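First the structure, in the form of structure tokens, and then the observations on it.
This one's a predicted model, so the numbers in the text were calculated from it and none came from an experiment. Every chain is numbered from 1 and lettered A, B, ... according to where its sequence line falls, protein lines coming before strand lines.
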Amino acid sequence: MQLTIIYFAWVRERIGIDSEDIDLPYDVTTIAALLDWLRGRDERYVRAFAEPDKLRFAVDQEMVRADHSLSGARELAIFPPVTGG
Amino acid sequence: MIGVSVQEEPFAPAELMAELVEAAAERNLGGIANFVGLVRRDGDLERLELEQFPGMTEKALNGLANEASERWPLGIVRIVHRHGSMKPGEPIVFVGVAAGHRTEALEGCAFLIDRLKTDAPFWKKEWRRDGSTRWVEAKAEDDARAEEWRAK
């Protein structure tokens, strides 16, 4: 299943790309599992995801938690805690 | 009536306030409350760059405006939030609310600014005169304030 992942702020800087389209392995069903899978692919993800409690997520533009299911998701955004306002 | 704008262009808080007061008067809404956030001067800070998640910022702010309007009887909610580059002294965000009375106007306004600080996908980066940069970190206190509104 295709999933678009978008990165923001220092997460984007550490990984080095704005976004990517991936083929989700069938056994990667939650965000937490996806982070582990990405860490295994490249050192840049290890650095970007080194502090999981400094990561926030949005699936199809709705904020969700790390244990959220990726079933049916089209887009996942990964970013630091927001600092607007 | 809900109006949300996410824009790069600067805005004049006084103009937004004048519009809000006129619209409130037209609808006989006697209580108006507002908040403006400015870029604070800080040592050798040259500018702030606000990154945003295009589309989701408007969605999040509209969601909060709707949530506030369901929780309090608000007649008008106006939110303007900038992204891009801004200098010390410039406004970043405007939140304005008009309601029948002061209690709901003041509470609605406070709710909106407290919640947007944890829910709206913007990220601030400081650019200093020596060329160095630093991503601003979210404060635990902001999370606590937003959480209080869930508990009340």
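- Contact of B/Gln52 with chain A is made through the backbone alone, with heavy-atom distances under 4.5 Å.
- Annotation for B/Arg150: atom CZ counts as buried by contact number, over 12 foreign heavy atoms lying within 6.0 Å.
- Note: the hydrophobic cluster containing B/Val21 also contains B/Leu16 (ILVMFWY, side chain heavy atoms under 4.5 Å, direct or indirect links).
- Neither the backbone nor the side chain of B/Lys139 comes within contact range of chain A, judged by heavy atoms closer than 4.5 Å.
- Closest of all the heavy-atom pairs between B/Lys124 and A/Thr83 is N-OG1, 2.8 Å.
- B/Leu116 and B/Phe11 fall into different hydrophobic clusters, where Ile, Leu, Val, Met, Phe, Trp and Tyr side chains are chained together by heavy-atom contacts under 4.5 Å.
- For the residue pair A/Val82 and B/Trp123, the shortest heavy atom distance occurs at CA-NE1, 3.7 Å.
- Annotation for B/Glu22: atom CD does not count as buried by contact number, only 12 or fewer foreign heavy atoms lying within 6.0 Å.
- By the rule that hydrophobic residues join a cluster once side-chain heavy atoms approach within less than 4.5 Å of another member, A/Ile5 and A/Val46 end up as members of separate clusters.
- For residues 81-106 of chain B, a heavy-atom distance under 4.5 Å to chain A picks out B/His81, B/Ile92, B/Val93, given by residue number.
- Atom CG of B/Asn28 has 12 or fewer heavy atoms from other residues, nucleotides or ligands within 6.0 Å.
- Within a 6.0 Å radius of CZ in B/Arg145, no more than 12 heavy atoms belonging to other residues, nucleotides or ligands are found.
- Residue B/Glu26 qualifies as enclosed at atom CD: its count of foreign heavy atoms under 6.0 Å is above 12.
- To the nearest 0.5 Å, the span separating CZ on A/Arg56 from CG on B/Asp119 amounts to 11.0 Å.
- Within the 4.5 angstrom heavy-atom criterion, only side-chain atoms of B/Lys59, from C-beta onward, approach chain A.
- With values rounded to the nearest 0.5 angstrom, B/Thr118 atom OG1 is found 7.0 Å from A/Met63 atom CE.
- Looking at A/Gln61 and B/Phe53, their side chains come closer than 4.5 Å, going by heavy atoms from C-beta outward.
- Annotation for B/Pro54 and A/Phe8: closest pair CD-CE2, 4.4 Å, computed over non-hydrogen atoms.
- Cluster membership for A/Ile17 and A/Trp10, using ILVMFWY side-chain heavy atoms within less than 4.5 angstrom, is shared.
- A/Asp18 does not touch chain B: none of its heavy atoms, backbone or side chain, sits under 4.5 Å away.
- Follow the hydrophobic side-chain contacts under 4.5 Å out from B/Leu38 and you reach B/Val80 in the same cluster.
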So A/Glu75 and B/Met56, side chain to side chain contact (heavy atoms under 4.5 Å, CB included) or not? Walk me through it. CA-CA 12 Å; A/Glu75 175 195 275; B/Met56 191 180 165; over 6 Å; no

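- Other residues, nucleotides and ligands place more than 12 heavy atoms under 6.0 Å from the CZ atom of B/Arg128.
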